[in-house]
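A, B, ... follow the sequence lines: proteins, then strands. Residue 1 opens every chain.
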Amino acid sequence: MKDVQERIGEIITILSQAYPRSRTALRFESPFQILVATILSAQCTDEKVNQITPALFRKYPTPSDFASADPKVLEQEIRPTGFFRNKTKSIIGASKKIVEDFGGKVPDNMEDLISLPGVARKTANIVLSSSFKKAEGIAVDTHVRRLSQRLGLSKEQDPDKIERDLMEIVPKDDWLDFNYMLVNHGRAVCPSRKPRCPECQLKRLCPSASEFYPGNELNL
DNA sequence: ATCCCGAGGG
DNA sequence: CCCTCTGGAT
């Protein structure tokens, strides 16, 4: 198997053709909406988030509306997404800080974004890339973590360490799309449980393909 | 390391 | 029943 630097270019070329420049599956119409939707998406499918956000954003159009929301009511409104107590605290807390410290506007930089309660680098990276078209890092979620490990791009477990490894390997021009490409490939052919290596366009470049489907080690 | 938490798949 | 879904705070 070639080393990481030799494989990463081919991996990005293949994936960028397989999943031509779409973005997150989350529905949103503003930086604030993608922030809330991303908080809701923790340990939950995007589809489930999309089912509740239209009504939510109609009822709470601005950060001030969420800041003054009744926590008990909001908890019930976001209940289907799971972790509803934590997510309610995060949404109301982040909204208050946006109103009080950032003039009602979602910050457009990493440092200010991760100062919001319930917002760490993953969520901040999603907001920056999908709303501001900026990439200060690479969003590492469950899909990026799983595929990075399977593809041998990182041996780390901690998302922040994986992100550091990826930032060394992935050309900066591709940072913005890298999360999207791996998420979609994860959903399409490389899910957590039963990766479908035989139909995977990356099997020739993937150290784990032979692990799941013995025989692929001949395809180097 | 553990907790938060619902919903769907196998 | 166990695992997983675009995590983050303690």
Side-chain angles (χ1 to χ4, degrees), chain A residues 15 19 21-28 31 33-53 55-56 71-98 107 110-132 135-151 153-154 156-164 166 170 174-196 212:
Chain A
L15 291 181
Y19 311 100
R21 63 167 143 244
S22 343
R23 290 271 178 271
T24 173
L26 294 171
R27 283 198 233 126
F28 67 100
Q33 287 189 357
I34 188 62
L35 173 65
V36 173
T38 307
I39 289 172
L40 291 174
S41 74
Q43 300 297 295
C44 173
T45 62
D46 285 359
E47 188 183 354
K48 182 65 68 178
V49 174
N50 287 334
Q51 283 172 12
I52 69 158
T53 45
L56 201 63
K72 284 300 164 195
V73 173
L74 186 54
E75 281 180 6
Q76 293 312 309
E77 289 167 336
I78 68 170
R79 192 175 230 279
T81 68
F83 293 168
F84 58 89
R85 294 188 186 89
N86 284 347
K87 288 175 181 177
T88 293
K89 282 181 190 166
S90 297
I91 291 170
I92 292 179
S95 297
K96 284 182 176 171
K97 181 150 184 155
I98 287 170
M110 176 66 71
E111 184 183 355
D112 288 340
L113 279 169
I114 62 178
S115 77
L116 300 171
V119 178
R121 290 191 62 89
K122 184 268 172 178
T123 299
N125 274 320
I126 294 297
V127 172
L128 286 173
S129 64
S130 53
S131 206
F132 297 113
E136 296 193 26
I138 297 171
V140 177
D141 50 55
T142 182
H143 294 293
V144 175
R145 186 183 64 198
R146 183 179 68 252
L147 268 69
S148 294
Q149 288 169 347
R150 286 180 177 171
L151 285 165
L153 305 181
S154 176
E156 300 289 346
Q157 300 290 330
D158 176 59
D160 286 353
K161 292 181 180 173
I162 294 175
E163 183 181 2
R164 262 179 256 145
L166 293 176
V170 178
D174 297 309
W175 284 10
L176 199 144
D177 293 319
F178 196 72
N179 166 272
Y180 162 78
M181 290 189 283
L182 263 58
V183 167
N184 281 277
H185 192 62
R187 286 175 175 158
V189 309
C190 193
S192 181
R193 292 201 187 191
K194 283 170 57 181
R196 295 184 284 283
F212 295 117

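Tested against E163(A) for a side chain to side chain donor-acceptor pair (under 3.5 Å), the candidates R121(A), K122(A), R145(A) yield a single pass: R121(A).
Here dC5(B) presents its C1' atom at 13 Å from CD1 of I52(A), a figure rounded to the nearest Å. Atom CD in E75(A) sits about 12 Å away from atom C1' in dC5(B), given to the nearest Å. In this structure, L182(A) atom CG and dC5(C) atom C1' are separated by 16 Å, rounded to whole Å. Straight-line distance from the CG atom of L116(A) to the P atom of dA9(C): 10 Å, rounded to whole Å. Rounded to an integer number of Å, the gap from CZ of R196(A) to C1' of dG9(B) is 13 Å. Rounded to a whole Å, the CD1 atom of I78(A) is 14 Å from the C1' atom of dG7(C). Atoms CD1 (I114(A)) and P (dG7(C)) sit 18 Å apart, rounded to a whole Å.
Residue-to-nucleotide contacts include a donor-acceptor pair under 3.5 Å from the side chain of R193(A) to the base of dC3(C).
In this structure, the separation between SG on C190(A) and CG on L151(A) is 7.0 Å, given to the nearest 0.5 Å. Taking CD1 from I39(A) and NZ from K89(A), the interatomic distance works out to 14.0 Å, rounded to the nearest 0.5 Å.
Considering only the side chain of A120(A), dG8(C) comes nearest among dG7(C), dT4(C), dG8(C). The nucleotide whose nearest atom lies closest to any side-chain atom of N86(A) is, among dC5(C), dG6(B), dC5(B), dC5(B).
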